[in-house]
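Inspection log for the structure reproduced underneath, given as C-alpha cells.
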Amino acid sequence: MPVPSSDRPVPTDPHHVPQWLGARAKRRFHVMAKPAGAACNLDCAYCFYLSKPALAHGPGLGRMDDDTLERFVRDYIDSVTGDEVVFSWQGGEPTLCGLDFFRKVVALQHKHAKPTQRIDNDLQTNGTLLDEDWARFLEEHRFLVGLSIDGPREIHDRCRITKRGAPTFDRVFAAARLLQRFGVPFNTLTCVSRHNAKRPLDVYRFLRRELGATYLQFIPIVEPRDFATTAPHYWHAARLPVIGSPEARPGHPDSVVTDWSVDPDEYGYFLCKVWDEWLSRDLGKVLVSFCETLVVQRMGMPAQVCVHGEFCGKGVAIEHDGSVYACDHYVYPEYRLGCVRDASLGDMVFSPAQVKFGYAKAESLPAHCRHCAFLRDCWGECPKNRLLRTPEGEPGLNYLCSGLKRFFGHAGPAASRMAAQLLSGAARPR
C-alpha cells in the first residue's frame, strides 16, 4: 500500500536537529508492522521474507506478545504528532495472529488515541484465511485491505501456492467476493515477476473486469541472488554487472538476480501496456498506483509511492519481537534501529542513523542518474534494487533502469498534458 508521505524532509546533516523536530513539531512517519514475523501459510516462489528467520541475529519466528503490542500501539500514537496515524499490518501473513489479536489492536488504539488524531488500519493479506467473521470485523472497524493476487488462475497459481504445493487462486478469488459482499474496501497487490510480465493485459483486464478491483498496485520482483544472506548495499560493488550485459538480466547462470526476478525490459513493456489500457478505458474509474504517481509528480507534487520519492527513511518496519528496521526491505541485522521496548519509535525514525539512511537514496545516485531526463520521475527507484553499474562503470544504477526509462518516455507526454490540465483547473483530464 502507498506509504503516507511526510510534509517535511529530514535534515541532510544527521547531527543537526532543527527546531521543527522539537516537541512542537508535527512528526509524520509510517510503520509497517509484522505481528507474525515471517510466518506464512503459503510458500510463494518469489517471497523475500520467508528466509528472514534463517538470518543470524535476525528477527526469527514468533508472534507479537501483548506487552510488545501495547508498547508499539501506545508509542506509535504518541510519536506521530500529525493528524493521522496509519497502522499497516503485514507479514508473512498477519491473519495467522487470529481475530482476537486484532480485536486487541483496536481496543488498544481506542485506549491510547489522542482526541484530535485519526487512526486508520490497513491489512495486507493473501486472503486464504478470511471468512465472514473476519469480513464483519474489517467492515466494522473500517480496515482497508490489500489483497495479494497475481492475475488470472494460471498466472496466480504459478507462484502463489501453499506449503504443500496446492493452488490458492480459488480461495483468494472467494476472499475478494467476500470483501465485496460485506462492503470492505480493498486494493489488489500484484507482484510482477518473470512469469507474468509478458502478459500485462491479461493481468490488468482480469483484475479490472473479472475481479472488479478499482485500486491496483503492482510491485516488481527484484531479488539479488544472495538476498537470503546478504543485506542491501553489502554487495561487492566491483562485481556488479554493467547495464545491458547478460548478467544484468534473469536466467543467466551468473545473473545478479534470482531466476524469478522480472526482466527489466519486460517490466517496462508491462508498465507501458497497463498505462495505455488505463488511459484509454479506465481513466477516472480506476486508480493504478504507478500511473497516478507519475501524473502527480508531473504536477510538481511529491510522489505517492515511496520508491519514486527523492528521499526515503520515513517508513520503518517493526517485527513481532519489537525490533525496528530501517525499511521493510531492509530487515537485516545491519539495518536494525533498536527495539520498541527500549526506545521510542520517533527517536529511532529521526535518529542520525536513519536520517543518513533516508538521504543516502539521493546522495548515492550515480552521475548517470543525475543527468537523466527522467530523474524527477524516478529518483533512482528503490535503493535496494541498485544492483548494476552504469555504462561508465559507476555502481549504484537501478536494475530496472532500462524498463523505467521506456515507461517514462512512453507515458511522460500524456502525463504532462494531464498534469497541465489539472493544474489549470480543467474538470477532467483528456
* Under the side-chain hydrogen bond (donor to acceptor under 3.5 Å, both in side chains) rule, what do Ser148 and Gln124 come out as? Steps first, then yes or no, please. => CA-CA 7 Å; Ser148 297; Gln124 185 64 43; 3.0 Å; yes
* Partner of Tyr46 under side-chain hydrogen bond (donor to acceptor under 3.5 Å, both in side chains), chosen from Asp150, Asp259, Thr258 ->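 Considering Asp150, Asp259, Thr258, a side-chain hydrogen bond (donor to acceptor under 3.5 Å, both in side chains) with Tyr46 is found only for Asp150.
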Between [X] and [Y], does any side-chain donor sit less than 3.5 Å from a side-chain acceptor?
X      : Y      : result
Gln297 : Asp377 : no
His329 : Tyr335 : no
Thr190 : Gln217 : no
Ser323 : Arg336 : yes
Arg298 : Ser416 : yes
Glu93  : Asn126 : yes
Asp202 : Asn196 : no
Asp65  : His320 : no

Is any side-chain heavy atom of [Y] closer than 4.5 Å to one of [X]?
X      : Y      : value
Asn121 : Phe102 : no
Val242 : Leu388 : no
Phe218 : Cys191 : no
Leu397 : Leu387 : no
Thr229 : Asp226 : yes
Asp122 : Trp89  : no
Cys369 : Trp379 : no
Lys34  : Gln90  : yes

Check: [Y] main-chain N/O paired with [X] side-chain donor or acceptor under 3.5 Å:
X      : Y      : value
His252 : Asp254 : yes
Lys405 : Gly268 : no
Thr230 : Phe227 : no
Gln117 : Val80  : yes
Ser255 : Gly251 : no
Arg118 : Asp83  : no

I'd like to know whether [atom1] of [X] has more than 12 heavy-atom contacts from other residues, nucleotides or ligands below 6.0 angstrom.
X      : atom1 : value
Arg239 : CZ    : no
Arg142 : CZ    : no
Arg181 : CZ    : yes
Arg209 : CZ    : yes
Arg158 : CZ    : no

Compare every heavy atom of [Y] with every heavy atom of [X], then report the nearest pair and how far apart it is.
X      : Y      : result
Val295 : Met418 : CG2-CE, 3.8 Å
Pro264 : Leu400 : CB-CA, 4.1 Å
Tyr204 : Val288 : CE1-CG2, 3.9 Å
Leu240 : Pro395 : CD1-CB, 4.4 Å
Tyr49  : Gly92  : CD2-N, 4.1 Å

Under 4.0 Å between a side-chain nitrogen and a carboxylate oxygen: does that hold for [X] and [Y]?
X      : Y      : result
Lys273 : Glu277 : no
Asp43  : Arg160 : no
Arg103 : Asp100 : yes

Kindly compute the distance separating [atom1] ([X]) from [atom2] ([Y]), expressed to the nearest 0.5 Å.
X      : Y      : atom1 : atom2 : value
Glu210 : Arg153 : CD    : CZ    : 10.0 Å
Lys314 : His30  : NZ    : NE2   : 13.0 Å
Cys159 : His195 : SG    : NE2   : 4.0 Å
Leu147 : Thr128 : CG    : OG1   : 10.0 Å
Cys312 : Gln354 : SG    : CD    : 7.5 Å
Tyr76  : Ile119 : OH    : CD1   : 10.0 Å

* Given Pro366, Ser364, Pro232, the one that forms side chain to side chain contact (heavy atoms under 4.5 Å, CB included) with Arg386 ->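 Checked Pro366, Ser364, Pro232 against Arg386; only one passes side chain to side chain contact (heavy atoms under 4.5 Å, CB included): Ser364.
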* Asked: Pick one: which of Leu99, Leu123, Asp133 meets side chain to side chain contact (heavy atoms under 4.5 Å, CB included) with Leu138?
  ->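 Among Leu99, Leu123, Asp133, the one meeting side chain to side chain contact (heavy atoms under 4.5 Å, CB included) with Leu138 is Leu123.
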* Begin from the C-alpha positions of Thr125 and Leu130 and carry the test side chain to side chain contact (heavy atoms under 4.5 Å, CB included) through to its verdict. => CA-CA 9 Å; Thr125 177; Leu130 297 183; 4.3 Å; yes
* Asked: Where does the angle between the aromatic ring planes of Phe72 and Phe87 fall among parallel (under 30°), tilted (30 to 60°) and perpendicular (over 60°)?
  ->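 Ring orientation, 0 to 90° scale: perpendicular.
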* Asked: Under 30°, 30 to 60°, or over 60°: which ring-plane class applies to Phe169 and Phe206, parallel, tilted or perpendicular?
  ->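 If you compare the ring of Phe169 with that of Phe206, the planes turn out tilted.
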* Can you list the residues that meet the side chain to side chain contact (heavy atoms under 4.5 Å, CB included) rule with Asp265, with sequence neighbours excluded? ->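 Side chain to side chain contact (heavy atoms under 4.5 Å, CB included) list for Asp265, sorted by chain: Arg249, Asp263, Ser402.
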* Check the pair Phe186, Tyr215 against ring pair (Phe, Tyr, Trp, His ring centres under 6.0 Å), reporting the backbone distance first and the verdict last. => CA-CA 8 Å; Phe186 72 92; Tyr215 191 102; over 10 Å; no
* **Option from Phe407, Tyr267, Trp275 for which ring pair (Phe, Tyr, Trp, His ring centres under 6.0 Å) with Phe290 holds** =>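 Passing option: Phe407.
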* Hey, do the aromatic rings of Phe357 and Tyr330 have their centres closer than 6.0 Å? ->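 Between Tyr330 and Phe357, which both carry aromatic rings, the centre distance is below 6.0 Å.
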